[in-house]
Amino acid sequence: MHHLPDLADHPARLHHGDLFSRSALPRLGHLEHRVGHDPAAIFGPPGLHRAHGRPRHHGRPLRQRRNVEREQRGGMGQGSAQRDEEKQRANFHDHAGTIAALRSGRKRCYTRGAMKPRLRFAPSPTGYLHIGGARTALWNWLFARRMGGTFVLRIEDTDQERSTPESLQAILDGLKWLGIDWDEGPGKDGPFPPYFQMKKLARYHQVADLLIAQGKAYRDYTTEEESTQMRRDFAAKQGLGEKDDLRKAGFKYSSPWRDKTEKLDKPHVVRFRMQPKGEKIGFEDLIHGRLEKPDDDLDDFVLLRTDRIPLYNFGCVIDDYDMQISHVGRGQEHINSTYSQIAVYQALGWTPPVFAHFPLIMGSNNEKLSKRKHPEADVMAHKRAGILPHALLNFVVRLGWSHGDDELFTLEKLIELFDLAHVGKTNGVWNPEKLLSVNQHWIKNGDPKELACRLLPYLQDAGVTNAADDDRLITAVKAFSTRAKTLVEMAQSIKPYYAHGVTLDAAAVAKHLDAAGKDMLKVTKAKLLALTEWQAAVIDPIVEVIATETGAKKGAIAQPLRVAVTGGTTSPGIGDTLALLGREETMHRIDAVLGS
RNA sequence: GGCCCUGUCGUCUAGUGGCCUAGGACGGAGCCCUCUCACGGCUUAAACCCGGGUUCGAAUCCCGGCAGGGUCACCA
């Protein structure tokens with residue numbers, strides 16, 4: 001069991017003692033006196049999502065659709081309960097209007113007035129920042145930035161077994177490295193704290209009690225032994241063995257406490273009391289359109305564990321509501337849990353946010369990219385491998401999203417161009433070669449000065465201690481910017497230029513430094529000695545001059561020199577190479593070969 | 001197995017009924033440039049899962065197969 005401490009800079013102005021204060025959670029003030037009453041009185045009229053403040057723009061097709069629904073249900077005006085439901089449905093369908101607007105490129109509904117979208121990234125601190133999580137964060141962040149909305153970081157630390165402070169730090173570090181910042185969250189006070197789920201347990205309990213009071217949830221006192229016994233009984237009846245998967249046989253848990261209301265002084269979980277009407281339950285997804293399934297397919301899932309800690313499907317709903325999240329963008333693996341969450345929203349009379357379920361990122365084996373099977377799933381592993389943060393962002397943003405034939409984007413361009421309408425539906429496979437080529441592009445086209453700064457730590461790691469963030473390094477970066485796919489590679493390439501002397505490659509020597517090669521080297525040396533300046537621009541012509549004077553091929557001149565000063569047959573242009581080395585070191589290496 | 005989602009070159013993708021003889025990018029092959037290695041430029045091979053419909057016309061709409069993925073916890 002771990003306990004997550006506050007971040008050093010997290011204001012943490014909320015303690016359990018003031019959890020119910022007005023300033024902290026406005027609605028909770030009334031809640032205390034009104035448990036058991038109509039939720040509308042506590043939470044405001046159903047169907048009015050506070051994030052938007054007022055009903056949305058009513059598009060004509062939608063109105064028509066609603067009218068059809070009304071007719072099907074036999075007209076309107078049958079009492080307030082039904083009107084509320086009507087209202088709620090109407091508002092619910094307004095999301096479809098938003099979606100239509102968004103998909104058709106009309107973003108006015110967000111840029112005009114107070115309707116700024118609020119998005120969030122809600123990782124659980126149970127490991128490093130995952131590449132899939134990073135893309136989810138990026139897309140949400142990009143959308144928020146583009147629309148002038150708010151990006152919230154919420155920590156879902158309710159898994160007490162696996163959550164660790166180290167993981168939290170790792171995730172924060174990963175986001176920081178990528179340059180994804182947040183407007184509200186750890187270390188950034190916002191209007192709807194706290195941003196750690198473990199700090200608002202009382203809120204979840206309160207909502208759970210409300211649901212129980214309304215018969216929409218129940219206390220389930222079934223012990224673990226009893227439930228395993230139920231499974232065993234089922235297996236026995238079906239003639240299944242211990243190892244058979246009960247799900248495949250259609251096992252469905254059914255609690256004996258489902259319809260009971262007594263409150264016992266015994267440990268229990270709180271379960272949602274699913275009340276299927278034999279209808280479809282579903283939602284409009286920004287990416288997939290209408291998504292639905294039969295409501296009797298859902299079971300009585302757990303809201304609160306025995307230790308009173310909420311489970312994902314519960315905490316998530318309450319937080320998204322409390323934080324007034326307007327759009328939930330998350331991975332496709334959450335589609336099936338969304339149906340359960342919709343049921344909670346409906347039970348509470350809350351309008352759900354707009355959902356967007358992103359395609360998954362798959363490993364080369366075409367399985368969901370996982371931390372265990374795919375080392376490349378770790379964002380920071382790419383930092384260690386010498387990938388530029390922006391290159392990783394550029395690569396990952398295109399995995400499932402497109403802007404015509406464009407592939408390379410600056411961050412500014414992404415903020416300008418990113419939209420959910422062009423997020424695709426199909427899972428994508430992680431392609432390391434492409435990442436490398438994107439990285440190379442930004443190494444090639446990045447600011448050499450910035451690159452030099454970034455390169456320094458990699459040089460340190462490579463054992464180069466005498467490099468500094470100066471003109472020489474910038475020259476080196478320029479010389480190798482078209483020759484390195486990663487910063488690690490670049491550091492390796494640059495390393496020999498910061499050493500004294502060089503190890504000669506035997507094959508290279510045999511090929512280029514035979515007697516003739518050495519003779520040519522002497523000629524070249526004499527020309528170099530005569531130089532008053534030491535720059536690529538004056539060194540390069542020497543090869544040309546010797547070639548015309550002696551009639552030798554340029555290769556016969558440059559290669560012996562190259563082998564002598566670099567030890568091998570490949571390097572940047574000979575002028576750049578010598579300039580980088582400096583006159584003194586160049587002469588030292590030539591003399592070492594000529595033996596004088 | 002139930003339910004849910006998805007099928008365009010090997011991979012990422014463009015494509016929203018005629019601009020498609022299906023475009024771009026990575027990777028592959030080849031050529032050019034060239035003092036080496038790169039960069040760059042050019043060329044090239046490579047895909048609409050299958051079968052039915054709707055339509056004058058389908059990669060695009062509908063249905064059925066098939067295939068892949070996801071999900072079925074007191075994880076998130």
Side-chain angles (χ1 to χ4, degrees), chain A residues 103 122-126 133 156-159 161-163 220 222 224 227 245-253 267-271 282 285 287-288 291-294 297-299 301-307 309-313 315-316 330-339 357 359-360 362 364 366-368 395 398-408 422 424-438 440 444 479-485 493 508 512 540 543-544 547 553-563 566 568-575 577:
Chain A
R103 290 198 79 99
S124 76
T126 55
E156 305 210 331
D157 52 357
T158 54
D159 185 345
E161 298 294 322
R162 298 191 299 150
S163 291
D220 185 352
T222 307
E224 219 170 313
S227 86
D245 194 339
L246 298 189
R247 292 183 309 226
K248 290 185 181 173
F251 175 79
K252 212 172 170 186
Y253 175 80
H268 61 272
V269 299
V270 176
R271 281 183 187 274
D285 189 275
I287 309 220
H288 295 274
L291 251 30
E292 55 185 18
K293 67 152 64 179
D297 201 59
L298 300 173
D299 53 2
F301 56 95
V302 173
L303 264 23
L304 253 32
R305 311 196 312 193
T306 308
D307 58 12
I309 292 174
L311 247 35
Y312 172 70
N313 277 337
C316 174
R330 73 219 317 190
Q332 247 175 44
E333 74 265 30
H334 292 290
I335 287 181
N336 283 296
S337 60
T338 304
Y339 300 111
H357 286 95
L360 268 17
M362 314 300 259
S364 47
N366 203 32
E367 277 175 36
K368 187 170 73 161
F395 170 70
R398 274 271 319 166
L399 216 54
W401 172 81
S402 64
H403 184 262
D405 285 339
D406 298 342
E407 302 264 1
L408 280 345
H422 288 89
K425 300 176 179 180
T426 59
N427 298 162
V429 175
W430 184 259
N431 183 348
E433 276 86 32
K434 187 125 183 179
L435 169 61
L436 241 30
S437 97
V438 173
Q440 186 176 24
K444 211 159 55 193
F480 283 97
S481 65
T482 61
R483 294 173 170 82
K485 286 190 186 333
S493 301
H512 297 288
D540 272 328
V543 178
E544 201 80 39
K553 289 192 170 181
K554 285 183 183 176
I557 304 156
Q559 281 307 78
L561 178 57
R562 176 168 280 115
V563 173
T566 69
T569 55
T570 67
S571 84
I574 206 70
T577 301

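Please read all numbers here as calculations on a predicted model, not as lab measurements. Each chain gets a letter, A, B and so on, in the order the sequences are listed, and its residues count up from 1. Hydrogens, waters and symmetry mates are skipped; everything else that's a heavy atom, side chains included, is used.
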Whether [X] contacts [N] is assessed here as follows: a side-chain N or O lying under 4.0 Å from the phosphate OP1 or OP2. Is that the case?
X	N	answer
His288(A)	rU6(B)	yes
Thr126(A)	rA76(B)	no
Arg305(A)	rA73(B)	no
Arg330(A)	rA76(B)	no
Lys434(A)	rC26(B)	no
Lys425(A)	rG69(B)	no
Thr426(A)	rG69(B)	no
Lys293(A)	rC5(B)	no

Notebook entry, point to check: Should rG51(B) form a Watson-Crick or G-U wobble pair with both distances under 3.5 Å, which nucleotide is its partner?
Noted result: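 rG51(B) is paired, partner rC63(B).
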
Which is true for [X] with a 4.0 Å heavy-atom rule: it touches a base, it touches only sugar-phosphate, or it touches nothing?
X	value
Glu333(A)	sugar-phosphate
Leu304(A)	nothing
Ser124(A)	sugar-phosphate
Pro572(A)	base
Thr222(A)	base
Tyr339(A)	sugar-phosphate
Ser227(A)	nothing
Asp159(A)	sugar-phosphate

Without swapping roles, check the side chain of [X] against the backbone of [Y] for a donor-acceptor pair under 3.5 Å.
X	Y	value
Asp540(A)	Gly575(A)	yes
Asn427(A)	Met362(A)	no
Gln559(A)	Ala508(A)	no
Thr158(A)	Leu311(A)	no

Notebook entry, point to check: Counting side-chain heavy atoms from C-beta on, which of rC35(B), rC37(B), rA14(B) comes nearest to Ser402(A)?
Noted result: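 Among rC35(B), rC37(B), rA14(B), the one nearest the side chain of Ser402(A) is rA14(B).
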
Next item on the list: Taking only the side-chain heavy atoms of Arg398(A) (C-beta and beyond), determine which of rA76(B), rC12(B), rG70(B) contains the nearest atom.
Entry: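 Looking only at heavy atoms from C-beta outward on Arg398(A), the closest nucleotide is rC12(B).
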
Next item on the list: Enter syn or anti for the glycosidic conformation of rC9(B), syn applying to angles within 90° of 0.
Entry: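 Here the answer is anti: the torsion falls beyond 90° from 0.
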
